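Scroll down for the structure; my scribbles are underneath it.
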Amino acid sequence: MNADFSKPYDPKATESMIYQQWLDSGYFNPDNLKIKNPKIQNYVVYMPLPNVTGTLHMGHALDNTGSDILVRYYRMKGFRTLWLPGTDHAGIATQYKVEKELRKEGASRFELGREKFIERVWKWKEEYGGIIIDQLKKLGASADWSRLRFTMDPDYTKDVLSAFVHYYEKGLIYRGERTVNWCPRCGTSLSELELEHQEEKGSLWYIKYPLIDTKHEIPNTKYIIVATTRPETMLGDTAVAVNPNDKRYAKFIGKTIRLPLTNREIPIVADLKIDPGFGTGAVKVTPAHDILDFEIGGRHKLASIQVIDERGKMNANAGSYAGMKTEEARKAIVERLASEGLLEKEESYVHNITICYRCGHVIEPIPSMQWFLQMDKLAANALKTVQSGKVDIQPENFQKIYFDWLENIRDWTISRQLWWGHQLPVWFCKNQTGSSNSQFLISNKNLSAEDFVVSVEKPATCPICKNCDMIKSPDVLDTWFSSALWPFAGLSESDRKNYYPGNFVSNARDILNLWDARMIFSGLEFMGKPPFQNVFVHGTILTKDGKRMSKSLGTGIDPLKYIDQYGADATRFAVIWQANGQDIHWDEAAVMAGRKFCNKIWNASRFVLERSGNSKFDLPLQTETQNSLTPQTEADKKILAKLAEVKKQTERYIETFEFAKALQNLYDFFWHDFCDIYLEESKGQIADEKTGSSTQAILRNALVESLKMLHPFMPFVTEAVYQNLDERSNQFLMTTEW
RNA sequence: GCACCCUUAGCUUAGUGGUAAAGCGUUACAUUGACAUUGUAAAGACCGUAGGUUCGAUCCCUACAGGGUGCACCA
């Protein structure tokens with residue numbers, strides 16, 4: 001491109017043109033890099049998969065600028081550098097989005113039916129799923145788009161299903177009925193990492209549970225009082241539990257209670273999980289509607305009575321309350337208890353309610369047939385890999401969060417009752433099960449492994465009855481099950497040989513366990529090696545006053561606004577300038593500083609070009625030329641020494657992911673040491689015959705070296721300048737040797 | 001509740017066992033300069049509060065307060 005240096009730097013006119021040149025060059029693809037060193041080393045970065053529903057936000061800008069800095073640096077260093085991009089089908093998020101669209105049209109997915117609905121989601125994906133990729137390109141991301149993958153591409157899907165089969169055949173996947181976290185709005189189970197908590201003012205009701213004491217062993221006690229925030233679930237109570245060490249209740253253990261409203265008789269059991277200090281120290285146990293209670297129920301062989309259905313309404317077991325919403329039932333039950341004199345008191349109480357991370361609806365634990373991945377062994381491997389340092393998580397304090405999760409891991413609920421996603425490779429026999437209704441099949445507790453087969457492809461003939469048309473499980477896999485496979489499922493067979501394992505992944509802390517941990521154990525399980533050496537957890541970008549950026553709250557800031565207005569380089573500058581490891585209180589002033597810096601680079605380059613008599617650059621600068629630079633003056637010596645020092649510092653900072661420090665250091669050097677001091681000094685030196693030509697050489701050298709070092713951070717302006725330094729050159733700064 | 005992190009100039013943040021830097025903002029002066037986005041200089045911080053360790057602490061320790069995050073959820 002031909003630049004007009006007489007005007008200020010104009011990112012708008014420059015960026016799209018430069019980006020197109022990069023794309024045309026093919027150098028984002030490492031297979032096209034001219035690699036001289038026979039002992040080539042890889043540098044592979046995995047892009048945190050953006051959801052197809054997503055549009056670029058500040059978090060992406062931070063992730064991807066950091067990754068791009070590394071990728072551009074290592075590419076210039078001569079590594080075979082691959083940045084692997086992809087998009088995630090994001091099961092629940094995408095389904096929710098399309099459902100919302102349908103609701104606006106007055107329709108629902110149930111009216112459409114599964115097949116039509118999925119078609120609709122694909123259409124939606126084709127239309128909007130590429131938006132975020134285009135936005136990443138605007139940011140300057142030098143990912144290898146020729147390798148772009150979607151988690152529901154045919155090949156990827158095959159790997160996902162094969163992984164399921166692998167785990168199943170290894171005995172790590174099992175089907176069972178458990179009380180799981182259930183979102184009544186989305187109509188699906190969720191894993192514990194997909195939950196959020198919200199503080200809510202509620203009540204704690206103290207309810208009298210009448211004691212059955214026919215033998216009159218415990219005089220003066222007619223009731224045990226339990227405290228609960230959810231009286232409506234008492235209809236499903238199957239025990240009252242106390243702590244075995246709680247002296248107040250020792251004599252009650254093993255006795256029986258008559259459950260109010262139902263007159264069902266339930267036992268009093270002892271369990272160490274009960275906190276004697278909370279409420280009255282006696283707890284109602286509802287295995288069907290509380291996960292902890294489900295575990296207590298398991299230990300004491302208690303029945304599980306479901307009283308709330310998957311839509312969050314009271315079911316037939318709730319007797320006269322059947323059909324009511326839980327809140328209605330709660331109110332009615334409290335009134336009834338009060339009228340019967342069984343309500344001891346009501347206290348106001350602030351507690352946390354659990355909500356769905358996608359739609360925000362209150363989570364209802366309910367018993368349900370699900371598929372689980374046994375986690376203990378997988379978690380132990382993932383733990384060991386980080387403990388032994390094979391994978392390094394930075395900043396270090398996040399290792400603790402990683403360890404905590406893996407050390408206290410529960411089995412992973414991997415099935416979801418959604419329509420958008422990878423359907424489980426599980427095939428039910430119609431004849432054996434006696435049904436062709438798939439909904440019936442998933443909820444049927446009586447099915448055993450005799451009733452289905454697990455296989456990637458549909459068996460041509462049913463291996464169970466030999467003549468039925470098998471039914472595929474309607475469940476889909478947790479989105480994170482497929483994204484966990486990204487470091488290898490994102491690569492073709494041959495790429496796996498060349499590019500696995502990779503090196504680096506960078507993301508926000510909220511997906512450390514959701515994604516990073518799962519990539520680590522998946523990589524170990526399927527490839528025998530961890531997928532990368534470095535996990536870098538960057539800070540979260542908050543508003544200036546420290547609030548979470550959120551679209552729904554209207555507190556989000558769109559990085560594209562900055563890219564359009566001030567350019568991608570200024571935006572990247574601002575993001576990295578502020579990214580020191582802590583959370584960032586976003587200050588727009590940094591974007592202005594970035595824009596000014598672009599212009600400074602632009603103008604300093606113009607100066608050097610003009611004072612060098614234009615087109616005197618012989619790019620790329622030869623090493624011999626650089627070595628023969630002979631300082632004549634104190635200023636010469638100083639700038640050359642400083643340049644060498646800054647280069648070393650920059651390398652160190654980039655290699656340790658201290659991008660903010662690297663950038664600030666470079667900024668300081670370029671603006672102050674180079675422009676304010678040396679450039680001013682050079683004016684006199686050039687005029688002097690004795691120092692003229694050496695000064696010009698030093699200017700050229702310092703400029704080119706600066707452009708190289710700045711390129712990973714601000715790729716557009718540096719590339720634009722570089723290409724204008726030598727008219728004869730068709731070199732890319734992007735692939736110039738560091 | 002447990003654990004971890006943060007609290008430094010008007011704002012956003014660096015940083016160090018020997019009283020502190022940057023960007024933006026403010027003030028003065030200079031400059032048509034490679035720079036409509038410049039330079040030089042100045043003002044501006046008893047480095048959250050209270051103790052302790054130390055010859056000496058903003059930096060280490062303890063407690064507290066405020067903000068945040070992770071985990072557990074207590075029913």
Side-chain angles (χ1 to χ4, degrees), chain A residues 5-9 192-193 195 197 202 204-207 226-231 233-234 237 240-242 271 273-286 289-293 296 349-354 365 395-405 407-408 508-510 512-513 537 539-540 542-548 566 570 573-574 577-611 658 660-661 663-665 667-668 671-672 675-677 679-680 682-683 699 703:
Chain A
F5 280 110
S6 67
K7 288 184 184 153
Y9 174 62
E192 87 275 6
L193 294 180
L195 309 175
H197 302 284
L204 193 57
W205 287 277
Y206 288 75
I207 303 169
V226 300
T228 180
T229 55
R230 302 204 55 196
T233 63
M234 69 183 283
D237 285 2
V240 165
V242 297
D271 197 285
K273 282 276 176 175
I274 305 304
D275 176 4
F278 186 84
T280 60
V283 181
K284 62 194 267 319
V285 180
T286 325
H289 297 294
D290 184 286
I291 289 172
L292 181 67
D293 288 2
I296 294 173
Y349 180 62
V350 177
H351 65 135
N352 285 326
I353 54 163
T354 307
E396 214 170 324
N397 50 320
F398 288 104
Q399 292 182 11
K400 198 172 152 1
I401 292 168
Y402 176 87
F403 294 149
D404 281 352
W405 185 63
E407 281 165 0
N408 301 300
R509 62 171 157 266
D510 55 344
L512 176 66
N513 290 327
V537 180
T540 305
L542 306 168
T543 62
K544 197 162 179 176
D545 51 353
K547 298 240 165 64
R548 184 169 280 285
Y566 307 109
F573 177 96
W577 184 264
Q578 300 182 78
N580 52 70
Q582 303 296 327
D583 283 352
I584 295 162
H585 288 201
W586 180 256
D587 188 354
E588 199 170 275
V591 188
M592 309 307 156
R595 186 182 57 149
K596 276 165 71 173
F597 191 42
C598 286
N599 204 53
K600 192 74 179 176
I601 295 168
W602 186 253
N603 275 301
S605 305
R606 170 191 176 182
F607 173 88
V608 175
L609 195 59
E610 283 174 2
R611 301 301 164 103
E658 295 172 280
K661 276 188 192 155
L663 179 59
Q664 287 169 13
N665 190 45
Y667 176 93
D668 228 39
W671 199 300
H672 301 298
C675 291
D676 290 350
I677 298 171
L679 237 145
E680 290 306 323
S682 77
K683 292 174 184 172
L699 276 176
L703 177 67

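All values reported here derive from a predicted model rather than from experimental measurement.
- As judged by a 4.0 angstrom heavy-atom cut-off over every strand, A/Trp586 is placed among residues making no nucleic acid contact.
- By the 30° and 60° cut-offs, the orientation of the rings of A/Trp671 relative to A/Tyr667 is tilted.
- In the set B/C5, B/A34, B/G39, B/A34 carries the atom at the smallest distance from any side-chain atom of A/Glu680.
- Within 4.0 Å of A/Tyr349, counting heavy atoms only, lie sugar-phosphate atoms of the nucleic acid but no base atom.
- Distances shown here put a side-chain N or O of A/Lys596 below 4.0 Å from the OP1 or OP2 atom of B/U38.
- Closest contact between the side chain of A/Pro8 and the listed nucleotides B/A34, B/C11, B/A36 involves B/A36.
- A/Tyr667 comes within 4.0 angstrom of the backbone, heavy atoms only, and of no base.
- A/Gln582 has its CD atom 7 Å from the P atom of B/U7, to the nearest Å.
- Regarding A/Leu193, its CG atom lies at a distance of 11 Å from the P atom of B/G70, rounded to whole Å.
- Listed nucleotides: B/C5, B/A75, B/A34. Nearest to the side chain of A/Ile274: B/A75.
- Residue contacts shown for A/Cys675 include a base, since a base heavy atom lies under 4.0 Å away.
- Among the protein residues, A/Lys400 comes within range of the sugar-phosphate backbone only, with heavy atoms under 4.0 Å from sugar or phosphate atoms but none that close to a base.
- Across all strands shown, B/G23 is found opposite B/C11 as a Watson-Crick or G-U wobble partner, with both distances under 3.5 Å.
- Rounded to the nearest Å, the gap between the P atom of B/A34 and that of B/U40 is 16 Å.
- For the OP1/OP2 pair of B/U13 and a distance below 4.0 Å, the side-chain nitrogens and oxygens of A/His585 include at least one atom meeting the criterion.
- Straight-line distance between the P atoms of B/U7 and B/C47: roughly 13 Å, to the nearest whole Å.
- At a threshold of 4.0 angstrom between heavy atoms, the contacts of A/Asn599 include nucleobase atoms, whether or not backbone atoms are also involved.
- The pairing partner recorded for B/C74 is none, the criterion being a Watson-Crick or G-U wobble arrangement whose two distances lie under 3.5 angstrom.
- Counting heavy atoms from C-beta outward, A/Val285 and A/Asp293 have side chains that approach closer than 4.5 Å.
- Taking atom CG of residue A/Asn603 and atom C1' of nucleotide B/C35, one finds them 4 Å apart after rounding to whole Å.
- In this structure, CZ of A/Phe278 is placed 6 Å from C1' of B/A75, rounded to the nearest angstrom.
- Between A/Phe607 and A/Leu204, the residue anchored closer to the 5' end of RNA chain B is A/Phe607, taking for each the nucleotide with the nearest heavy atom.
- Within the nucleic acid shown, A/Asp676 comes within 4.0 Å of sugar-phosphate atoms alone, with no base atom in reach, counting heavy atoms only.
- Side-chain nitrogen and oxygen atoms of A/Tyr9 include none within less than 4.0 Å of the OP1 or OP2 phosphate oxygen of B/C35.
- Counting non-hydrogen atoms under 4.0 angstrom, A/Ala604 reaches a base of the nucleic acid.
- Base pairing of B/C29: its partner is B/G39, meeting the Watson-Crick or G-U wobble criterion (both donor-acceptor distances under 3.5 Å).
- For B/C4 and B/U37, the C1' atoms lie 42 Å apart once the distance is rounded to whole Å.
- Here A/Lys661 lies in heavy-atom contact (under 4.0 Å) with sugar-phosphate atoms only.
- The partner of B/A3 is B/U69, by the rule that a Watson-Crick or G-U pair needs both atom distances under 3.5 Å.
- The residue A/Trp671 sits close only to the backbone: its heavy atoms come under 4.0 Å of sugar-phosphate atoms, none of a base.
- Remark: A/Arg509 is not in phosphate contact with B/C5, judged by side-chain N or O atoms under 4.0 Å from OP1 or OP2.
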